[in-house]
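In this text, all values refer to a predicted model and were calculated from it rather than measured experimentally. These numbers come from the heavy atoms of this one structure, side chains and all, not from hydrogens, waters or symmetry mates.
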Amino acid sequence: MCGRYALHSRPEVIALAFGLSEAPATLVPRFNIAPAAEVLIVRRETGGAPRPALVRWGLLPRWAKDPKRAAKLNNARGETVAEKPSFRDAYRRRRCLVPANGFYEWKRVESRKQPYYVYPAQGELFAFAGLWERWEGASGPLETCAIVTTQANAPMQAIHDRMPVILAPRDYARWLDCSADAEVTDLLVPCRAEVIRVHAVSTAVNRASNDVRELIEPLEQA
DNA sequence: CCAGACGTTGTT
DNA sequence: GTCTGG
DNA sequence: CCAGACGTTGTT
DNA sequence: GTCTGG
């Protein structure tokens, strides 16, 4: 699954990678983004070029009555996203990309949990398949997002059985185009093994308030 | 008809 | 909002 | 995702 | 154990 990630590229690099019509607002480099954080997404509303937006990670369905108590959905299973009441409208009309330099997964080894950092073999940015939603409250709208997950590919399987859907640049436009009822389920598959690299990292990443570049660096092997 | 759920993860 | 269960 | 809290009373 | 906060 995907419960933490990093995004530290400069805004100009992100704008170039995703063909943004405007550069994203100045972003603080983040090495430990956790659910409930404000995160950068790329979306394309009613045609035009892809645009950046900051939304809360943890999708709140439109019909949630009490956003305080409602479950925030960090991930959406690709296998069922088209049918689930919480996701299907967003899946049809509000797809987005979630830029990331890499993500963390924890491997359970007996009673211990070893974190790993997963990052692109080439280039510096992943695009996770995402969904966004807008909840209309008395105090204004609240926009949220979820990251779509799929079965782990071979290298990930050694760590965990799920991973985020990582889209190739050639598929960005098709995922983002929600104007027609285009069929995009074929995109919700594990990426090829060669797309990712993995290394063990310090358990310092466990604490969400730790947010330094060292978190993504490989653990020194004794 | 109304009431209540609506999700993922991991763990057992 | 929409679907399922009672 | 993991870490940390998880409660009431009365008083300041 | 379960929920909330980061």
Side-chain angles (χ1 to χ4, degrees), chain A residues 1-8 27-40 54-95 98 100-119 126 128-137 141-152 156-166 188 190 198-212 214-216 219:
Chain A
M1 110 101 164
C2 182
R4 299 284 182 89
Y5 70 94
L7 180 64
H8 54 74
L27 290 169
V28 179
R30 294 293 312 275
F31 300 92
N32 200 356
I33 298 171
E38 294 293 320
V39 300
L40 177 71
L54 287 175
V55 305
R56 189 173 298 269
W57 183 14
L59 189 142
L60 184 66
R62 307 178 74 74
W63 37 260
K65 290 173 182 68
D66 181 359
K68 287 278 182 195
R69 289 191 307 172
K72 318 298 189 307
L73 307 167
N74 307 324
N75 297 111
R77 292 178 66 90
E79 297 91 330
T80 55
V81 71
E83 290 88 38
K84 292 292 184 183
S86 295
F87 300 130
R88 61 189 170 196
D89 293 346
Y91 173 66
R92 210 165 67 88
R93 294 295 174 198
R94 287 177 297 281
R95 297 191 291 269
V98 182
N101 292 100
F103 62 97
Y104 300 97
E105 289 285 4
W106 281 258
K107 178 181 184 174
R108 286 170 185 275
V109 276
E110 283 140 42
S111 62
R112 295 211 164 275
K113 273 178 274 183
Q114 174 61 53
Y116 291 80
Y117 185 60
V118 186
Y119 58 100
F126 281 144
F128 299 148
L131 312 174
W132 66 276
E133 190 53 278
R134 180 179 287 134
W135 185 87
E136 294 291 345
L142 175 63
E143 293 189 330
T144 58
C145 71
I147 294 169
V148 182
T149 65
T150 187
Q151 193 174 28
M156 282 300 304
Q157 197 81 60
I159 299 167
H160 202 67
D161 62 341
R162 306 289 299 172
M163 71 184 295
V165 171
I166 296 167
L188 302 183
V198 182
H199 61 225
V201 294
S202 162
T203 52
V205 72
N206 291 8
R207 190 185 291 264
S209 56
N210 288 339
D211 187 5
V212 292
E214 287 68 39
L215 297 180
I216 69 173
L219 200 61

Checklist entry - How far does the C1' atom of B:dA5 sit from the matching atom of D:dG4, given to the nearest Å? => result 29 Å
Checklist entry - Over how many whole Å does the gap from A:M163 atom CE to B:dT8 atom P extend? => result 18 Å
Next on the checklist: Side chains of A:L215 and A:V201, heavy atoms from C-beta outward: is any pair under 4.5 Å?
Outcome noted: no
Checklist outcome for this item: In whole angstroms, the gap separating P of B:dG7 from CZ of A:R162 amounts to 15 Å
Checklist entry - With rounding to whole Å, what would you report as the distance between E:dG1 and B:dT12 at their C1' atoms? => result 13 Å
Item to check | Base-pairing string, 5' to 3', of DNA chain D - Watson-Crick or wobble, under 3.5 Å, | interstrand | outcome: ||||||......
Checklist entry - Which part of the nucleic acid, if any, lies within contact of A:T80, taking any heavy atom under 4.0 Å across all strands shown: a base, the sugar-phosphate backbone alone, or nothing? => result sugar-phosphate
Next on the checklist: How many whole angstroms separate atom CZ of A:F128 from atom C1' of D:dC1?
Outcome noted: 12 Å
Checklist entry - If you look at every heavy atom in A:V98 and A:G130, which pair is closest and at what distance? => result CG2-CA, 4.2 Å
Next on the checklist: From CH2 of A:W57 over to P of D:dC2, roughly how many Å is that when rounded to an integer?
Outcome noted: 12 Å
Next on the checklist: How many whole angstroms separate atom CZ of A:R112 from atom C1' of D:dA3?
Outcome noted: 16 Å
Checklist entry - Which part of the nucleic acid does A:R88 contact within heavy-atom distance under 4.0 Å: base, sugar-phosphate only, or nothing? => result sugar-phosphate
Checklist outcome for this item: Under a 4.0 Å heavy-atom criterion, the protein footprint on nucleotides 1-6 of chain E, written with B, S and -, is -----B
Checklist entry - Can you find a heavy atom in the side chain of A:C145 that is under 4.5 Å from one in the side chain of A:W57? => result yes
Next on the checklist: For a quick check of understanding: with a heavy-atom distance under 4.0 Å over all strands, which category does A:Y5 fall into, base, sugar-phosphate or nothing?
Outcome noted: nothing
Next on the checklist: Closest approach to the side chain of A:W106, judged atom by atom: which nucleotide of B:dT9, B:dT8, D:dC2 is it?
Outcome noted: D:dC2
Item to check | Length of the CD-P vector between A:Q114 and D:dC1, whole Å | outcome: 16 Å
Item to check | Interatomic distance at P, B:dT8 relative to D:dC1, whole Å | outcome: 13 Å
Item to check | For the student: nearest non-hydrogen atoms of A:L188 and A:T150, plus distance | outcome: O-OG1, 3.6 Å
Checklist entry - A:S86 and A:W63: which non-hydrogen atoms are nearest, and at how many Å? => result OG-CZ2, 3.6 Å
Checklist entry - Between A:R134 and A:E143, is there a side-chain N and carboxylate O pair less than 4.0 Å apart? => result yes
Item to check | C1'-based separation of B:dT9 from D:dC2 [nearest Å] | outcome: 12 Å
Checklist entry - Under 4.0 Å between a side-chain N or O of A:T149 and OP1 or OP2 of B:dT9? => result yes
Checklist outcome for this item: Whole-Å distance, A:I147 CD1 to B:dG7 P, equals 19 Å
Next on the checklist: Assess whether a salt bridge exists between A:R30 and A:E38, defined as any Lys/Arg side-chain N lying under 4.0 Å from an Asp/Glu carboxylate O.
Outcome noted: no
Checklist outcome for this item: A:L73 atom CG is separated from B:dA5 atom C1', nearest whole Å, by 13 Å
Next on the checklist: Please find the pair of heavy atoms, one from A:W106 and one from A:P115, that lie closest to each other, and give the distance.
Outcome noted: NE1-CB, 3.5 Å
Item to check | Note, A:Y117 side chain near A:N101 side chain (heavy atom, < 4.5 Å) | outcome: yes
Item to check | Close residues, residues 59-66 of chain A, relative to DNA chain C [heavy-atom separation under 4.0 Å] | outcome: A:W63, A:K65
Checklist entry - Using a cut-off of less than 4.0 Å, is there contact between a side-chain N or O of A:K113 and OP1 or OP2 of D:dC2? => result yes
Checklist entry - Taking OP1 and OP2 of B:dG7, is either one under 4.0 Å from a side-chain nitrogen or oxygen of A:R77? => result no
Next on the checklist: I want to check something: taking the side chain as every heavy atom from C-beta on, are A:R77 and A:R162 in contact at a cut-off of under 4.5 Å?
Outcome noted: yes
Checklist entry - Once the angle between the rings of A:F128 and A:Y5 is folded into 0 to 90°, is it parallel (under 30°), tilted (30 to 60°) or perpendicular (over 60°)? => result perpendicular
Next on the checklist: Over all strands shown, is A:D161 touching base, sugar-phosphate only, or nothing at heavy-atom distances under 4.0 angstrom?
Outcome noted: sugar-phosphate
Checklist outcome for this item: When every non-hydrogen atom of A:G58 is compared with those of A:T144, the smallest separation belongs to O-CB, 3.2 Å
Item to check | E:dG5 to B:dA3 separation - C1' atoms, rounded to the nearest Å | outcome: 32 Å
Item to check | Shortest non-hydrogen separation from A:I33 to A:A6 and the atoms involved | outcome: CD1-C, 4.3 Å
